[in-house]
Amino acid sequence: MDPSQGPAGLTGDAHPVVIAGGGPVGLTLALALARQGIRSLVLEEDATVSDGSRALGMSRRTQDIWASAGAGEAVEAKGLPWFGGWTYFRQQLVLQHSLPHDPALRHPPMLNLQQCDAEQFLVDAAGRTGLVDLRWNTSLAGVTQDEDGVWLDVAGPGRLRAAYAVACDGAGSRVRSSLGLRMEGASGEARYLIVDVRIAQDLQPGRRAWFDSPSNPGATVLMHGQPDRVWRIDWQVGRDDDPSVITAPANVAARVAQHLGMLGVAGPWEVIWISTYRAHARTLPAYRIGRVMLAGDAAHLIPIFGIRGLNSGVEDAWNLAWKLAMVLRGEAPDALLDSYSAERVGAARENLRLATRALNFMTPPTPGRRLLRDAVLSLALSQPAVRDLINPRQATLVPLAGSTLNTPVGEGKAIAGLQPGDVVPNLRLLVRNGADWVEGSLHALLGPGFTLVWLGQAAGAAGLRRQLQHLTGLRLVVIATGSADTGADALAPAGDGTILPASRPRALVLVRPDDHIAGCWLDADAGSVEAALAVATARVRMPEPALPSELASVL
Amino acid sequence: MTRPDAVHAEAMFELLGATVDTVPPEQVPLFLAKLALMLALCTDDPALVREMADAAAKDLTRAEETP
């Protein structure tokens, strides 16, 4: 892939999918489409990947997705995993928190990686697919559509035609503005100065937060470790502070010196990137407008506190790609694309709720909230009961519990710990490799299509496989517990309680191409699986729950 | 919800008054916020806290309206 290639040579021929924006969300979508065998054209107005740390915290879910998309090895090699952090009120430690983590899972709860590095790894992975045409220096002026496709006005070649277009072009999305779409929500008053600093001295990785820090009196400071001994420091600044003044190198250097001095960090340091940030909490009410879909910051703006911005955008892309692919191949009706909007708008609203709660704690919007926030911080020194109110709760998974693609669990069929709409956990497994068992993980066994995961002893799996063989594209993966099971594709460590039912002969989990559970049962038959697959691909809608007879007679 | 009898209420009134007297005046709002939070976390009944908070806020408004 020629990194300098611009729009030259682009033709007006119809593209299956054109992606506006070559950032982490657009590139993830391109990789996810390539995984489905779908070509995409990515238009990026910049000349290269971004600079600086920007969205630097990659959630476990993002790590899982990028691993499945083909970029996991580089991300894992470079990224800096972390498992918790420290919160200070003035200079006193008031909370030491740990991120939820289970060593049975393939990836750590959080990995810090500068966004520019992440983008480069995604670009490299896209190049390896041979299915992604990434054009730098290519500006999109506007989008129009008709019943059969989308017209994209591109500086240079003129108009391009696509079956579908996806806006991944960030907060200032031109696609969004050309469609006249407006986001709902609010923008916070708090402003932050964000700086990457290379420090010679080693510090323990993790999140550090200060309230009323001596290095920023009356305001907050955040500090995150990154690879290559680079630290990201975020200072809350006044809403009336002049950005050109606070970002002036001499003023930044003075802030860095004061903060590192407070930490007792000795030795040389170097400022390598400076920017500013204002928190927004906004979303579009729908992410599908005909043949145009919107994802990531083009669709929603989530405050950085809780690290849900980039991560939710990556989930958008992973959710959308398989649906676009199935509709393009004629394997699912157009209605499947409606579920993208419903599922991801729902997820954005939950992410906004959680991130806004964290934002309001970091930077209280009213005097009353500030008083209570300060009461919590002050009490936390002596009262453990209030410390949990300080926990930032970074990037928790948002299940798609209300999705129309889910098949509800029948009575007595529930598997403990798993629900339709959940992401199936990416457990570490021993995977069959010829006569050997090698280290692997559950998500690596999931194909680009639907996967039926059989949990339990393998006896009987062959019979079910025969019953389901007419369902093209559905693969059956058998995961057994304990010692080697001749019929199993993988083995889960015995005693692992997060997924495998211990006392039942088998359980079945129907997993979507984006790793979400469409249906799960104890002792289901082939008919149940086939019916759930029809629901999960929008070929059949789940019937609405029957009204109680006394209501039905009234309505 | 059980409400304290008059003797207990009087004792609480005296105790809180004496405690507030030990707090520097400029710190009283923060002290009261801490106290309210600690008391709120002593119950698993959010409706009770809401009722008390609403009643106190409404009472403030009423007091301000009284000539």
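Scope of the values below: all heavy atoms of this structure, side chains included, with no hydrogens, waters or symmetry mates. Protein chains get the first letters and strands the later ones, always in sequence-line order, with residue 1 at the start of each. This is a predicted model, so every value here is computed, not measured.
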* Please report the shortest heavy-atom distance between A/Val386 and B/Leu37, naming the atom on each side. =>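 Closest heavy-atom pair between A/Val386 and B/Leu37: CG1-CD2, 4.4 Å.
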
* Nearest non-hydrogen partners of A/Leu379 and B/Met38, listed with the distance ->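 Looking at all heavy atoms of both residues, the closest pair is CD2-SD, 3.4 Å.
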
* Asked: When rounded to the nearest 0.5 angstrom, what is the spacing between NZ in B/Lys34 and OG in A/Ser382?
  -> 7.0 Å

* Of the backbone (N, CA, C, O) and the side chain (C-beta and beyond), which part of B/Leu41 lies under 4.5 Å from a heavy atom of chain A, both, or neither? -> side chain

* **Heavy-atom pairs under 4.5 Å with chain B, option from A/Val376, A/Leu372, A/Asp374, A/Leu371 with the top count** =>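 Greatest number of close heavy-atom pairs with chain B: A/Leu371.
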
* **Atom CD of B/Glu10 with >12 non-hydrogen neighbours under 6.0 angstrom** =>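 No, CD of B/Glu10 has 12 or fewer neighbouring heavy atoms, counting only those of other groups under 6.0 Å.
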
* **B/Arg50 atom CZ, neighbour heavy-atom count above 12 within 6.0 Å** =>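 Count not over threshold, so no.
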
